[in-house]
Amino acid sequence: MKIASWNVNSLKVRLPHLTQWLADAQPDIVALQETKLEDAKFPVDELAAAGYRAVYSGQKTYNGVAILARDEPRDIITDIPGLDDPQRRILAASIGNLRVVDLYVVNGKAVGDEKYAYKLDWLAKVREFLAHELERYPNLVVLGDFNICPDDRDVYDPVAWGEDILCSPPERAGLKAITDLGLHDSFRLFEPGAEHYSWWDYRQAAFRRNMGLRIDLILIGEALKSAATAAAIDREPRRWERPSDHTPVTLELDI
DNA sequence: ATGGTTGAGAATCAA
């Protein structure tokens with residue numbers, strides 16, 4: 001069982017990349033972020049032709065999340081209970097014996113900005129939701145664009161980046177409060193080293209110079225830890241013409 | 001501190 005997460009930065013533009021990558025990588029489950037598509041415009045038929053069922057929660061221009069799966073997704077949730085939020089950033093579904101929660105965490109713009117306050121509040125509410133999900137579904141996978149570097153190994157230049165947005169201590173504490181529920185950063189079960197990134201800015205030839213951040217994560221509950229057999233970041237699609245600024249991250253589970 | 005690049009959608013906003 002191969003699970004993936006990819007911020008595609010417009011599914012309309014990136015659909016050819018996505019279908020190519022699905023054919024190459026053969027994932028069983030894929031969480032997408034920044035689809036930037038209203039639900040009525042979701043490419044259901046194209047993805048069905050590729051062998052995937054889809055659930056999605058989108059909006060025009062911004063945000064938007066989707067889960068693709070070989071098997072039928074069930075028990076779908078598109079909102080954090082009790083949070084009235086027009087921004088389409090969360091999608092939960094059961095697939096087989098897994099519970100999958102796709103997150104497009106708020107970027108936050110800059111430390112101190114009102115969007116930053118929204119980010120921290122949103123993270124705290126997601127944590128409460130995930131605590132309940134984990135009680136109900138031990139086989140929990142929480143994946144997506146977290147817009148937070150877990151620690152300095154995940155930043156190309158931690159000195160220059162300092163405590164700016166994506167690396168600030170309150171954001172990292174918000175992420176740690178989630179992993180402290182018993183959710184493991186699966187990539188770090190296999191690779192302890194630095195210089196592994198999932199996002200590179202479009203500017204300043206950042207990808208060519210490997211000036212990146214690792215902000216796309218696949219977290220797994222304790223019950224799944226022993227089933228994890230491999231984790232990777234597939235840099236190949238970032239090399240393709242007109243790429244997303246993010247590249248897919250993957251996890252293999254022996255279940 | 002600013003700018004650089006991309007996407008959406010038609011001038012900026014978001015990342």
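Chain letters run A, B, ... following the sequence lines, proteins first, then strands; residues in each count from 1.
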task: Select base, sugar-phosphate, or nothing to describe what A/Arg89 touches, counting heavy atoms under 4.0 Å on all strands.
output: sugar-phosphate
field: Distance between C1' atoms of B/dA14 and B/dG4 (Å, rounded)
entry: 15 Å
message: Heavy atoms only, 4.0 Å cut-off, all strands: where does A/Lys115 land among base, sugar-phosphate and nothing?
response: sugar-phosphate
- request: Nearest-nucleotide wise, let me know which of A/Ser10 and A/Asn7 is further upstream toward the 5' end of DNA chain B.
  value: A/Ser10
C1'-based separation of B/dA1 from B/dA10 [nearest Å]: 29 Å
message: In this structure, how many angstroms lie between the C1' atom of B/dA14 and the CG atom of A/Asp201, rounded?
response: 12 Å
query: Under the side-chain contact (heavy atoms from CB on, under 4.5 Å) criterion, do A/Ile220 and A/Leu189 qualify, and how do the steps go?
result: CA-CA 11 Å; A/Ile220 53 172; A/Leu189 299 177; 4.0 Å; yes
- request: Look at all strands and tell whether A/Phe207 reaches a base, only sugar-phosphate, or nothing, counting heavy atoms closer than 4.0 Å.
  value: nothing
message: What is the distance, to the nearest angstrom, from the NZ atom on A/Lys41 to the P atom on B/dA8?
response: 11 Å
field: Test side chain to side chain donor-acceptor pair (under 3.5 Å) applied to A/Arg238 - qualifying residues, sequence neighbours left out
entry: none
field: Nucleotide B/dG4, atom P - distance to CZ of A/Arg209 in whole Å
entry: 15 Å
message: Taking the minimum atom-to-atom distance to the side chain of A/Val13, which one of B/dG7, B/dG9, B/dT5 wins?
response: B/dG7
- prompt: Considering only side-chain heavy atoms of A/Arg242, which listed nucleotide, B/dA15, B/dG7, B/dA8, is closest?
  reply: B/dG7
message: Rounding to an integer number of Å, can you tell me how far A/Asn63 CG sits from B/dA14 C1'?
response: 9 Å
- prompt: Of A/Tyr104 and A/Thr61, whose nearest nucleotide on DNA chain B comes first from the 5' end?
  reply: A/Thr61
- prompt: In terms of side-chain heavy atoms of A/Gln204, which of B/dA15, B/dG7, B/dG3 is nearest?
  reply: B/dG3
Nearest-Å distance for atom pair NZ/C1', residues A/Lys36 and B/dG9: 11 Å
- prompt: Any salt bridge between A/Glu236 and A/Arg239, counting N to O under 4.0 Å?
  reply: yes
message: Using whole Å, what does the distance between atom P of nucleotide B/dA14 and atom CG of A/Asn147 come to?
response: 14 Å
query: Rounded to whole angstroms, how far apart are CH2 on A/Trp161 and P on B/dA15?
result: 14 Å
task: With P as the reference atom in both, quote the distance from B/dG9 to B/dA15 in angstrom, rounded to an integer.
output: 15 Å
Side-chain donor/acceptor of A/Arg99 to backbone N/O of A/Tyr137, under 3.5 Å: no
query: Would you say A/Glu34's side chain and A/Asn7's backbone share a donor-acceptor pair under 3.5 angstrom?
result: no
statement: note: A/Tyr62, atom OH; B/dT6, atom C1'; distance rounded to Å ~ 13 Å
message: When the C1' atoms of B/dG7 and B/dA11 are compared, how many Å lie between them, rounded to an integer?
response: 14 Å
